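Model, not experiment: these values are computed from the prediction. Every heavy atom of this structure was used, including side-chain atoms; hydrogens, water molecules and symmetry mates were not.
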Amino acid sequence: QVHLVESGGGLVQAGGSLRLSCAASGSISSINALGWYRQAPGKSREMVAAAYRSGGTKYADSVKGRFTISRDNAKNTVDLQMDNLKPEDTAVYYCNPVRQWGVVIPFGSWGQGTQVTVSS
């Protein structure tokens, strides 16, 4: 099982940008889809973006046009570029393989995640 570690979170003003990175302990090339998820205080965890082995991507409506997911099978990383951030993007962000779009059930356990805080 591949172990994933998230990094890159921080505090940013509304309208700003952050780039999150997810580094895998092994090869991700055989994983069909890798996703970024987030959990805001008092809310359920949700999937925000997925990157497929085919090269396709998918986004939640709330981040479409602002977030860009990319996977690098050679570097075993999955990044999330977040632009035009809004206070409602404040959450802990996690990466994990994707079972099915919208299904928030991890493969193995969740990592520690990385905190993103957007101030208004």
Side-chain angles (χ1 to χ4, degrees):
Q1 182 176 331
V2 174
H3 182 60
L4 301 168
V5 177
E6 304 92 348
S7 64
L11 173 64
V12 64
Q13 288 188 331
S17 298
L18 281 174
R19 188 176 184 87
L20 307 183
S21 186
C22 175
S25 60
S27 176
I28 64 171
S29 60
S30 64
I31 301 175
N32 181 49
L34 286 154
W36 278 94
Y37 306 73
R38 69 185 181 188
Q39 186 165 19
K43 295 189 176 181
S44 300
R45 195 165 305 191
E46 62 175 347
M47 187 183 301
V48 295
Y52 295 83
R53 187 170 53 189
S54 64
T57 56
K58 195 162 185 176
Y59 299 92
D61 288 343
S62 59
V63 306
K64 201 171 292 184
R66 300 187 298 120
F67 289 13
T68 303
I69 189 171
S70 59
R71 65 187 282 174
D72 188 328
N73 290 337
K75 296 181 179 179
N76 296 316
T77 58
V78 182
D79 291 352
L80 186 69
Q81 176 67 39
M82 306 185 296
D83 298 316
N84 190 22
L85 283 160
K86 303 176 180 180
E88 52 263 42
D89 294 319
T90 295
V92 179
Y93 284 70
Y94 305 85
C95 65
N96 205 279
V98 173
R99 295 179 181 272
Q100 182 179 336
W101 177 254
V103 174
V104 183
I105 300 175
F107 283 85
S109 59
W110 293 104
Q112 290 189 329
T114 186
Q115 175 71 49
V116 171
T117 303
V118 185
S119 63
S120 57

Which heavy atom of [X] sits nearest a heavy atom of [Y], and at what distance?
X	Y	result
Ala51	Ile69	N-CD1, 3.6 Å
Arg71	Ile31	NH2-O, 3.0 Å
Ser7	Thr114	C-OG1, 3.9 Å

Distance in Å, [X] [atom1] paired with [Y] [atom2], rounded so as to fall on 0.5 Å steps:
X	Y	atom1	atom2	answer
Thr68	Met82	OG1	CE	11.0 Å
Gln39	Ser44	CD	OG	7.0 Å
Gln100	Ile105	CD	CD1	9.0 Å
Ser120	Gln13	OG	CD	9.5 Å
Leu11	Thr90	CG	OG1	8.5 Å
Leu4	Ile28	CG	CD1	8.5 Å

Task: Fellow cluster residues of Tyr37, listed by chain then number, with links counted only when side-chain atoms sit under 4.5 Å apart - done: Met47, Tyr52, Val92, Tyr94, Val98, Trp101, Val104, Trp110
What residues form a salt bridge (Lys or Arg N to Asp or Glu O under 4.0 Å) with [X], not counting sequence neighbours?
X	answer
Asp89	Arg38, Arg66
Arg53	none
Glu88	none

- [ ] If a pair satisfies salt bridge (charged side-chain N to carboxylate O under 4.0 Å, His left out) and one of its residues is in residues 93-120, list it, with sequence neighbours excluded.
- [x] none
Open item on the list: Under the disulfide bond (SG atoms under 2.5 Å apart) definition, can you give me all pairs with a residue in residues 21-97, not counting sequence neighbours?
Closed with: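 Found Cys22-Cys95.
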Open item on the list: Tell me whether the count of non-hydrogen atoms from other residues, nucleotides or ligands lying under 6.0 Å of NZ in Lys64 goes above 12.
Closed with: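 Atom NZ in Lys64 is packed in, count exceeds 12.
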Open item on the list: Less than 4.5 Å apart, side chain to side chain, heavy atoms only: is that true for Ser27 and Asn76?
Closed with: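 They are in side-chain contact.
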Task: Positive for side chain to side chain contact (heavy atoms under 4.5 Å, CB included) with Phe67, one of Leu20, Thr57, Asp83, Leu85 - done: Leu85
Open item on the list: Using the rule side chain to side chain contact (heavy atoms under 4.5 Å, CB included), only one of Asn96, Val48, Val63 pairs with Trp36; which is it?
Closed with: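 Only match with Trp36 under side chain to side chain contact (heavy atoms under 4.5 Å, CB included): Val48.
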